[in-house]
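Residue numbers run from 1 in the order of the sequence given. The figures that follow rest on heavy atoms only: side chains count, while hydrogens, waters and symmetry mates do not. Bear in mind that the values here come from a model prediction, so they are computed numbers and not experimental data.
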Amino acid sequence: MENQRIFEEQFIIPLLTRYVRGEQLTPLELSTVKIWTNKNEYNKKVFQELLDNEQLAKNLVDFDSAQSTTEDRLKKLHAKLDRKKSVKKLRYWVSAAAVLLFLSIPLLMYKHKKDNTRENIITTSADIDPGKDQATLSLGDGSRIALECKTLTMDKDGQIYLDGRSISDSKMQYATLSTPRKGQYKTVLPDGTQVWLNAESTLKYPTRFTGNKREVELEGEGYFEVTHNAKKPFIVTSRGQRLKVLGTKFNINSYENETAISTTLVSGSVELTNSQNPTPVLLKPGQQGKLYSLSSICSVEDVDTEVYTAWTSNEFQFAATPLKEVLKQLERWYDIDVDYKKVPNIKVHATISREKKLSTVLYTLEQITDLNFKVTGRRIDIIDNK
């Protein structure tokens, strides 16, 4: 029976891992997950725990076993549990820990702990929640509207709706949509264009597009899905850069504390110019243009666009991302401050949910980087690993 149970866990764990991470499963695989989940009550509990629990992996999983075989991992997990527990409870926690181990292993395969005795010094007594949907709309008439958990839309005549209810007259005025640290927001512009604003960002736009163009101004980071209109090109200005497009999907990162303005094209085509160089640079899907603050030249390279748009799906995606850039993202999303004096020049490969608490994210980064993070209030320091 023991070998049969381990075999079943070896078979189902990869499917549960892919399901919880949001990867697409075939109809047969989905059916397999459903059958396993409904097989008995403790399977249902395991599945629910996997979806909800953030601390279980920390308490049960020994990441030093990351390079061992699946069966070895399961046996080690068995040995770590209290043998005095009932068989049913024992089987439940082992299954949950095993699945959570598999969820963590893909993130931790890049680098493993070398010092088995070092302490995890992340402060969890006052954990920090992740950001959420929240923003403020400021209008030209001086009014300000808090938008937390509320849907903002505008029609082509300039009328503003909040949760489908009109809150303004049909007139043209300028609106400024701002997200704080720990905030993000999605809205629809008067022409139907959809915009996602990341944390600590601002979008200024008219409540009615008049004339022969649609122009908005961005500070921070935004992802755009532009409604096509050949007669009215869509223009985004950001820190001296000017982007022109008819209809497409793209992401712009123009935070002041970043070294460059990064424009990532998902589909369609865009034309980039800047205040120092009017010669247009054309981007194709899958390309990223970078305009550095001390240069008038926009460099272009091929990239995996998902890495730069994953935040719209509430994920951090890092692909050889410098640790300093990773920490900047955490600063904006968790409203924290990082001491960069001891940040080493290393790169991170990981996919982490933005819905997790700060301690969970830092714990994962500790395993990847072999660093120690110390949380004091809202300040993050890197401690020498000696």
>> Can you tell me how far apart CG (L272) and CG (L282) are? Round to the nearest 0.5 Å.
In response: 8.5 Å
> How many angstroms lie between atom CZ of F250 and atom OG of S269, to the nearest 0.5 angstrom?
Replying inline: 11.0 Å
> Do other residues, nucleotides or ligands put more than 12 heavy atoms under 6.0 Å from the NZ atom of K347?
Replying inline: no
>> As an exercise, state the distance from CZ of F318 to CD1 of I368, rounded to the nearest 0.5 Å.
In response: 8.5 Å
Side-chain donor-acceptor distances from residues 146-153 under 3.5 Å, at least two apart:
unit_1, atom_1, unit_2, atom_2, d
E148, OE2, K132, NZ, 2.7

> In the hydrophobic clustering (ILVMFWY, side-chain contacts below 4.5 Å, transitive), which residues join I297, or is it alone?
Replying inline: none
> Do E258 and R332 pass the salt bridge (Lys or Arg N to Asp or Glu O under 4.0 Å) test, and can you show the C-alpha distance, the side-chain angles, and the key distance before you say yes or no?
Replying inline: CA-CA 12 Å; E258 299 290 355; R332 292 187 285 263; 3.3 Å; yes
> Mind checking who shares a hydrophobic cluster with I35, ILVMFWY linked at side-chain heavy-atom distances under 4.5 Å?
Replying inline: none
>> If you define the side chain from C-beta out and look only at heavy atoms, does anything of Q184 sit under 4.5 Å from D133?
In response: yes
>> According to side-chain contact (heavy atoms from CB on, under 4.5 Å), who are the partners of R165, at least two apart in sequence or on a separate chain?
In response: I167
Can you give me every donor-acceptor pair (side chain of residues 217-224, partner residue at least two apart or in another chain, under 3.5 Å) with its distance?
unit_1, atom_1, unit_2, atom_2, d
E221, OE1, N198, ND2, 3.0
E221, OE2, N251, ND2, 3.0
E221, OE2, W311, NE1, 3.2
Y223, OH, E225, OE2, 3.3

>> Just by distance, no angles: are the side chains of R208 and Q173 close enough, under 3.5 Å, to form a donor-acceptor pair?
In response: no
> Is Y340 reachable from V348 through a run of I, L, V, M, F, W or Y residues, each pair having side-chain heavy atoms under 4.5 Å apart?
Replying inline: yes
> Quick check: are there more than 12 heavy atoms from other residues, nucleotides or ligands sitting under 6.0 Å from CG of N345?
Replying inline: no
> Is any side-chain heavy atom of L243 closer than 4.5 Å to a side-chain heavy atom of I235?
Replying inline: no
> Rounded to the nearest 0.5 Å, what separation is found between the NZ atom of K186 and the CG atom of L197?
Replying inline: 12.5 Å
>> Quick check: closest heavy atoms across P206 and P190, and the distance to 0.1 Å?
In response: O-CG, 3.6 Å
>> Cation-pi check for F234 against R214: NZ or CZ below 6.0 Å from the six-membered ring centre and within 45 degrees of the axis, yes or no?
In response: no
>> Quick check for you: to the nearest 0.5 Å, what is the distance between I336 atom CD1 and T376 atom OG1?
In response: 11.5 Å
> Pick from K232, K204, K244, R242: which one makes a side chain to side chain donor-acceptor pair (under 3.5 Å) with E215?
Replying inline: R242
> Per the side-chain contact (heavy atoms from CB on, under 4.5 Å) rule, which among L203, V226, L177, T227 passes with L189?
Replying inline: L203
> Any side-chain heavy atom of S299 sitting closer than 4.5 Å to one from Y292?
Replying inline: yes
> Honestly curious: do V375 and L365 fall in one hydrophobic cluster under the side-chain, below-4.5 Å linking rule?
Replying inline: yes
> Among side-chain atoms of Q159 and S166, is any donor-acceptor pair under 3.5 angstrom?
Replying inline: yes
> Taking only residues at least two apart or on different chains, which pairs with a member in residues 318-327 satisfy side-chain hydrogen bond (donor to acceptor under 3.5 Å, both in side chains)?
Replying inline: none
>> Tell me every residue that passes side-chain contact (heavy atoms from CB on, under 4.5 Å) with A175, counting only those two or more places apart in sequence or in another chain.
In response: L137, L139, M154, Y205, T207
>> Ignoring hydrogens, what is the shortest heavy-atom contact between Q194 and V188? Give both atom names and the distance.
In response: CG-CG2, 4.4 Å
> D129: what forms a salt bridge (Lys or Arg N to Asp or Glu O under 4.0 Å) with it, not counting sequence neighbours?
Replying inline: K357
> Linking I/L/V/M/F/W/Y whenever any side-chain heavy atoms sit under 4.5 Å apart, do L327 and I128 land together?
Replying inline: yes
> Of all heavy-atom pairs between S359 and D127, which one has the smallest distance, and what is that distance?
Replying inline: OG-OD2, 2.5 Å
>> Under a 3.5 Å cutoff, is there a donor and acceptor pairing between the side chains of N257 and E331?
In response: no
>> Between T273 and T279, is there a side-chain heavy-atom distance shorter than 4.5 Å?
In response: no
> What residue pairs, at least two apart or across chains, pass ring-ring contact (aromatic ring centres under 6.0 Å, His included) with a residue in residues 259-289?
Replying inline: none
> Would a distance-only check, ignoring hydrogens and angles, find a side-chain to backbone donor-acceptor pair under 3.5 Å from T312 to A310?
Replying inline: no
> Which heavy-atom pair separates L358 from Y334 by the least distance, and what is that distance?
Replying inline: N-CE2, 3.6 Å
>> Restricting to ring-ring contact (aromatic ring centres under 6.0 Å, His included), what partner residues turn up for F209, sequence neighbours left out?
In response: none
> If you group Ile, Leu, Val, Met, Phe, Trp and Tyr by side-chain heavy-atom gaps below 4.5 Å, do L246 and L283 land in one group?
Replying inline: no
>> Quick test of your reading: applying ring-ring contact (aromatic ring centres under 6.0 Å, His included), list the pairs with at least one residue in residues 156-193, sequence neighbours left out, ordered by first then second residue.
In response: none
>> Applying side chain to side chain donor-acceptor pair (under 3.5 Å) to S238 and S254, what does each step give before you reach the verdict?
In response: CA-CA 7 Å; S238 188; S254 64; 2.6 Å; yes
> With hydrophobic residues grouped by side-chain heavy-atom distances under 4.5 Å, do V338 and L371 end up in a single group?
Replying inline: yes
>> Could you report the tightest heavy-atom contact between P285 and L265, atom names first, then the distance?
In response: N-CD2, 3.5 Å
> Checking E366 side chain against F373 main chain: does a donor-acceptor pair fall under 3.5 Å?
Replying inline: yes
>> So does R181 get a backbone contact from the side chain of D335, meaning a donor-acceptor N/O pair under 3.5 Å?
In response: no
>> Between Q241 and L291 (side chain of the first, backbone of the second, donor and acceptor by atom type, cut-off under 3.5 Å), is there such a pair?
In response: no
> So, R379 and D337, do they make that salt bridge, N to O below 4.0 Å?
Replying inline: no
For residues 300-307, which side-chain donor-acceptor pairs fall under 3.5 Å, sequence neighbours excluded?
unit_1, atom_1, unit_2, atom_2, d
D304, OD1, E306, N, 3.2
E306, OE2, Q317, NE2, 3.1

>> Restricting to non-hydrogen atoms, name the atom on F316 and the atom on Q329 that form the minimum distance, rounded to 0.1 Å.
In response: CD2-OE1, 3.5 Å
>> Determine whether a donor-acceptor pair (N or O, by modelled atom type, separation under 3.5 Å) exists between the side chain of D339 and the backbone of K342.
In response: no
> Could you give the distance from OG (S262) to CD1 (I252), rounded to the nearest 0.5 Å?
Replying inline: 10.0 Å
